[in-house]
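Start at 1 with the first residue, then count along the sequence.
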Amino acid sequence: MDVIVAFAVALLVFPIASPVTSLSSNYYDKTCPNLESTVSSTVKKAMLNDKTVPAALLRMHFHDCFVRGCDGSVLLESKGKNQAEKDGPPNISLHAFYVIDIAKKAVEALCPGVVSCADILALAARDAVALSGGPTWDVPKGRLDGRISKATETRQLPAPTFNISQLQQSFSQRGLSMADLVALSGGHTLGFSHCSSFQNRIHNFSATVDVDPSLNPSFAASLRSVCPAHNKVKNAGATMDPSTTTFDNAYYKLLLQGKSLFSSDQSLLTTSKTKTLVSKFARSQGEFQKAFVNSMIKMSSITGGQEIRLDCKVVN
């Protein structure tokens with residue numbers, strides 16, 4: 001799966017941290033005053049070389065926070081018999097880890113042993129949005145890095161095939177509301193999805209119809225041409241939001257037109273509460289951005305680490 005939601009086979013119960021109050025937007029003001037500008041310049045430089053970086057960083061942060069809290073565990077490499085999160089099925093297509101590594105190296109040169117990898121990832125995700133034309137915000141900081149990373153725990157990530165009740169359960173387990181779900185789904189305005197994440201909507205949808213009837217017919221036809229039933233092209237897929245290249249509210253407009261990729265996207269139209277929010281965000285980019293910022297701060301405040309890693313790929 002791609003961008004914010006991911007492959008998962010079931011909603012299982014794993015250790016999930018709870019929001020804490022120890023985070024602060026000025027946490028490093030005295031100990032590492034140039035932290036934010038250092039991370040931002042790293043993200044900006046990476047974006048110039050690779051246009052997929054913003055979506056990759058935003059998705060990486062989401063996948064980190066939904067497993068054991070925002071503790072940088074998604075950054076750890078597999079070691080010995082332990083398969084780390086990044087090697088779990090939903091995370092195989094995660095990329096741009098090098099951006100975090102470069103930023104960490106630069107930050108370590110300025111302030112050795114002070115800033116966690118989890119905080120750098122949270123800042124990089126914010127910068128990815130802001131540098132893509134989206135809103136900016138003060139990132140609460142002071143997270144610690146986790147020491148445990150298990151591929152098996154990625155099964156708890158919400159899947160692109162989830163219905164609204166499955167999504168609600170997944171988000172509520174992390175203290176996130178239905179409003180947070182709709183707002184954070186707007187991150188799908190950035191990025192690309194492989195065919196496998198929406199194959200269920202364009203081939204063998206049910207016993208009676210081949211294509212999901214909620215899909216716009218011409219849009220469905222274009223997806224079927226790119227992703228045939230027995231697709232063998234490894235990286236075939238579609239852009240999440242083909243209408244613009246910026247972080248905006250186009251995702252919601254496309255959703256209302258039947259031009260969303262995932263079943264999980266379409267499910268936002270299946271309850272009056274979520275559909276009302278989709279319509280609200282489609283009408284007002286300002287309302288979407290305000291809600292997105294609030295929900296990002298809320299999600300990124302789920303913490304659970306134990307140390308400040310010196311190398312984001314390995315525990316100390």
Side-chain angles (χ1 to χ4, degrees), residues 1-20 22-23 55-101 103-104 115-122 124-125 142-162 166-176 181 184 187 194 196-197 264 296 298-316:
M1 138 56 242
D2 302 86
V3 191
I4 280 194
V5 284
F7 285 117
V9 294
L11 260 184
L12 303 176
V13 178
F14 292 105
I16 298 170
S18 301
V20 296
S22 59
L23 301 184
L57 293 174
L58 184 57
R59 181 174 173 235
M60 192 188 300
H61 181 46
F62 182 94
H63 283 215
D64 183 38
C65 293
F66 261 58
V67 181
R68 292 184 173 270
C70 313
D71 66 347
S73 54
V74 75
L75 305 171
L76 288 168
E77 299 278 4
S78 295
K79 184 177 181 181
K81 294 182 179 180
N82 181 63
Q83 287 285 100
E85 287 172 35
K86 65 167 60 177
D87 291 322
N91 290 341
I92 292 297
S93 59
L94 285 182
H95 66 286
F97 291 102
Y98 71 91
V99 180
I100 304 303
D101 291 333
K104 174 65 171 175
V115 182
S116 67
C117 298
D119 275 345
I120 290 173
L121 177 53
R143 297 165 191 79
L144 292 175
D145 296 320
R147 297 179 56 83
I148 298 172
S149 184
K150 297 180 179 180
T152 53
E153 294 185 357
T154 62
R155 285 179 289 179
Q156 68 187 279
L157 288 162
T161 54
F162 272 10
Q166 290 171 309
L167 289 169
Q168 181 177 16
Q169 181 183 359
S170 177
F171 275 65
S172 65
Q173 284 178 338
R174 293 154 180 86
L176 300 171
L181 164 63
L184 291 172
H194 292 104
S196 54
S197 293
S264 57
M296 280 295 288
K298 189 174 175 182
M299 181 195 76
S300 73
S301 296
I302 306 170
T303 60
Q306 299 83 36
E307 66 181 20
I308 293 175
R309 241 177 271 151
L310 301 180
D311 181 338
C312 294
K313 298 187 291 296
V314 296
V315 297
N316 292 344

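The CG atom of L57 sits 7.0 Å away from atom CG of L121, with the distance rounded to the nearest 0.5 Å. Here the straight-line distance linking atom OG of S116 with atom CD1 of I308 works out to 6.0 Å at 0.5 Å rounding. I100 contributes atom CD1, which lies 7.5 Å from atom CD1 of I120 (distance to the nearest 0.5 angstrom).
With sequence neighbours left out, S149 forms a side chain to side chain donor-acceptor pair (under 3.5 Å) with no residue at all. A search for side chain to side chain donor-acceptor pair (under 3.5 Å) contacts involving S172 returns nothing, not counting sequence neighbours. When the side chain to side chain donor-acceptor pair (under 3.5 Å) test is applied to D101, no partner is found at least two apart in sequence or on another chain. A search for side chain to side chain donor-acceptor pair (under 3.5 Å) contacts involving E307 returns R147, not counting sequence neighbours. With sequence neighbours left out, F97 forms a ring pair (Phe, Tyr, Trp, His ring centres under 6.0 Å) with no residue at all. For the salt bridge (Lys or Arg N to Asp or Glu O under 4.0 Å) test, residues two or more places apart in sequence or in another chain that qualify with D119 are R143.
Between Q166 and T161, the closest side-chain pair of non-hydrogen atoms is not below 4.5 Å. When side chains are defined from C-beta on, L144 does not count as touching T303, because their heavy atoms never get closer than 4.5 Å. Put simply, the side chain of M299 reaches to within 4.5 Å of the side chain of L176, judged on heavy atoms. At least one side-chain heavy atom of C70 sits under 4.5 Å from a side-chain heavy atom of H61. Side-chain contact between Q306 and D71 is absent, with no heavy atoms from C-beta onward closer than 4.5 Å. You'll find the side chain of R155 stays beyond 4.5 Å of the side chain of V67, heavy atoms only. Residues E77 and K86 form a side-chain contact, since some pair of their non-hydrogen atoms from C-beta on lies under 4.5 Å apart. Proximity of R309 to V314: side-chain heavy atoms (C-beta onward) are nowhere separated by under 4.5 Å.
Shown here for A118 and G72, the closest heavy-atom pair between the two residues is CB-N, 3.7 Å. Annotation for S300 and C65: closest pair CA-SG, 4.1 Å, computed over non-hydrogen atoms. The two residues P90 and L157 come nearest to each other via the heavy atoms CB-CD1, 3.7 Å. Nearest heavy-atom pair across S78 and A84 is OG-N, 2.8 Å.
With hydrogens and angles ignored, the 3.5 Å screen pairs no side-chain donor or acceptor of N91 with any backbone N or O of T154. Distance alone, capped at 3.5 Å, is enough to place a donor-acceptor pair between the K104 side chain and the V115 backbone. Between the D145 side chain and the V315 main chain, no donor and acceptor come within less than 3.5 Å of each other.
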- Message: For Q156 and S170: C-alpha separation, side-chain torsions, deciding distance, then whether side-chain contact (heavy atoms from CB on, under 4.5 Å) applies.
- Response: CA-CA 8 Å; Q156 68 187 279; S170 177; over 6 Å; no
- Message: One pair to check against side-chain contact (heavy atoms from CB on, under 4.5 Å): M60 and L75. What are the steps and the verdict?
- Response: CA-CA 9 Å; M60 192 188 300; L75 305 171; 3.7 Å; yes
- Please step through side-chain contact (heavy atoms from CB on, under 4.5 Å) for the pair L181 and Q168, ending with a clear verdict. CA-CA 8 Å; L181 164 63; Q168 181 177 16; 5.6 Å; no
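Classification of the F171-F66 ring pair by plane angle, with boundaries at 30° and 60°, yields perpendicular.
A salt bridge between E85 and K150 is absent, with no side-chain N of the basic residue lying under 4.0 Å from a carboxylate O of the acidic one.
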